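These values consider heavy atoms only, across backbone and side chains, with no hydrogens, waters or symmetry-generated copies. Order of listing sets the numbers, starting from 1, for every ligand and every atom in it. What you are looking at is a predicted structure, and each value in this text was computed from that prediction instead of being measured.
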Amino acid sequence: MTSTTRFPAEFAWGAAAAAYQIEGATTEDGRGESIWDRFCATPGKVRAGESGAVACDFYHRYPEDIALMRDLGLDAFRFSIAWPRVVPDGRGRVNEAGLDFYDRLVDELLDQGIQPFPTLYHWDLPQPLEDAGGWPVRATAEAFVEYVEAVAARLSDRVTHWITHNEPWVASWLGYASGEHAPGRTSPADALAAAHHLLLSHGWAAEVLRRASADAKVGITLVLVPAYPASESEGDRLAARHGDGFFNRWFLDPLYRGCYPADILDYFVPATPPIVHGDLETIAAPLDFLGINYYSRQVLRENPDGGRPLLERVADASYTDMGWEIYPDGLFDALVRLRDEYDPPSIYITENGAAFSDHRDHNGEVKDLERQEYIAEHLAAVARAVDAGVPVDGYFLWSLLDNFEWAHGYSKRFGIVYVDYPTLERVPKDSFYWYRDFIASRARRPQPSPIATG
Ligand code: FCB
């Protein structure tokens, strides 16, 4: 480690969440159906048939949760806006009651001194748009622009930082190719088209947001999964290069270089992204910041049968409850690589955190030392990157509350606040107090050892 021990004074300390994972109230105030409502209602798709119908009931309890954020000392809160609340049919009529909710949320955050960082799309596509073809069709990108116009007209007097999309890799590949996420389709060609239209709609939305306010700062959030070869062999190095291309370069290259990576384009043949003249210029319009979500890395080995590279499980490593390897150096490597190869003017870590199987002890407390260590080690990696000159401007912990973890339902707890789902009671975990003390100290480099709680 180098010697500097400070995050910049203006560094934003935050927490992140997404509409479908916390809000509940899926049928209130004119909200339309989303692909996640439909997916959850489809037998066998989500663990134990669970859904976001109630989730954390953030829709009604947000003042209580913002009070928790204030106790934490957060500078910023990343949430997402549910498209089906704003445009219930996907196109056409704007539901003012849906916008009213985000209006109240933004005001309450600002009243408590917390900067709102909305994400415009965190995977809850209106079901009528999926019925009309979903993200694989270009019209969905056009519909997204109409929705963003409605949101910007209402909120851009108070919101400056906007994230257009969350993890287009997951939205396209898990939604349209593997079928693990809504809408549950299994066509790689559809995933390729979906990914292109997500990126295109990002570019169009950025224009809308900048037109709506000269102060707008626009970014997109990618999940970065740095790829490492299982050995120094040429085959394993090529396997890692492929994994990096598929997850990371496929999105970074069009956003920062205006082209898709040639090696991965070749790999997808005969499928190709449905590029229309001018699309890549739209996608590559300069971003004010890049959001990155980091959870883990991938270690890849050449497939002896010549097929897709094989994911290797690392012996001796620790894993979270998601089965994801804990590898803080990967965050440092990803940040330095971004600076060296893509040079974004500003980066926010828009998600980082870990699921562990938390329990309330006989005193009702949650002693989540593993999560505390995970966060501390990853913050140390961010500090090293800042020391190395990478322009990281903020960190959003995933997540404030335990919440609906997509196809895993409520079985994976990522919160620094425990949610007792039967009663919806919020119980700050030890990591909550640790993060609070860390934010209060700010100038101190995070120590991977526990600090006194409560
Ligand atoms: C990310 C998602 C977020 C959450 C975390 C654990 O991929 O953006 O909604 O599910 O993983």
Side-chain angles (χ1 to χ4, degrees), residues 14-24 34-36 39-40 45-47 50-52 55-56 58 77-83 117-125 163-178 180-182 191 195 198 202 219-226 246-248 250-251 290-298 319-327 330-331 334 348-358 368 370-371 374-375 378 395-417 419 431:
Y20 193 72
Q21 296 179 275
I22 60 168
E23 286 180 358
S34 84
I35 55 173
W36 272 96
F39 193 68
C40 292
K45 297 297 185 191
V46 173
R47 179 197 166 267
E50 290 171 336
S51 80
C56 307
F58 180 79
F77 179 53
R78 175 178 178 235
F79 58 95
S80 80
I81 295 174
W83 184 350
F117 260 69
T119 302
L120 288 155
Y121 187 72
H122 201 126
W123 309 348
D124 42 4
L125 184 71
I163 295 166
T164 54
H165 284 290
N166 180 68
E167 300 189 356
W169 185 88
V170 171
S172 53
W173 285 93
L174 297 193
Y176 289 92
S178 79
E180 292 162 69
H181 276 194
L198 285 158
H202 152 79
I220 185 171
T221 280
L222 304 180
V223 56
L224 289 192
V225 190
F246 181 56
F247 277 91
N248 307 321
W250 188 259
F251 295 93
L290 178 67
I292 74 159
N293 294 351
Y294 177 80
Y295 290 94
S296 191
R297 66 164 170 173
Q298 46 180 332
Y319 289 82
T320 69
D321 202 28
M322 295 292 285
W324 296 343
E325 185 196 347
I326 301 176
Y327 192 69
L331 178 53
Y348 287 89
I349 314 293
T350 42
E351 287 180 27
N352 174 243
F356 292 107
S357 57
D358 302 314
D368 60 337
E370 288 166 299
R371 178 171 298 101
Y374 180 100
I375 300 165
H378 284 77
Y395 174 90
F396 292 80
L397 181 66
W398 185 274
S399 188
L400 180 72
L401 304 171
D402 290 337
N403 61 60
F404 176 77
E405 180 48 35
W406 308 113
H408 298 282
Y410 294 95
S411 65
K412 305 294 179 195
R413 293 182 177 273
F414 274 90
I416 54 173
V417 175
V419 177
S431 57

Exercise for the section: Return the set of residues passing salt bridge (charged side-chain N to carboxylate O under 4.0 Å, His left out) with E405 (not counting sequence neighbours), or none when no residue passes. Expected result: none

Handout entry: Between Y20 and F404, ring centroids under 6.0 Å
Key = yes

Problem - Proximity of F117 and F77 rings by center, below 6.0 Å - result: no

Practice task
Could you please provide the protein residues found below 4.0 Å of ligand 1 on a heavy-atom basis, arranged by chain and number?
Solution key: Q21, H122, W123, N166, E167, N293, Y295, E351, W398, E405, W406, F414

Exercise for the section: Check the angle between the aromatic planes of W324 and F414 and answer parallel, tilted or perpendicular using the 30° and 60° thresholds. Expected result: tilted

Problem - Ring centre gap for W173 and F247 strictly below 6.0 Å - result: no

Handout entry: Geometric class of the Y374/H378 ring pair [parallel <30°, tilted 30-60°, perpendicular >60°]
Key = parallel

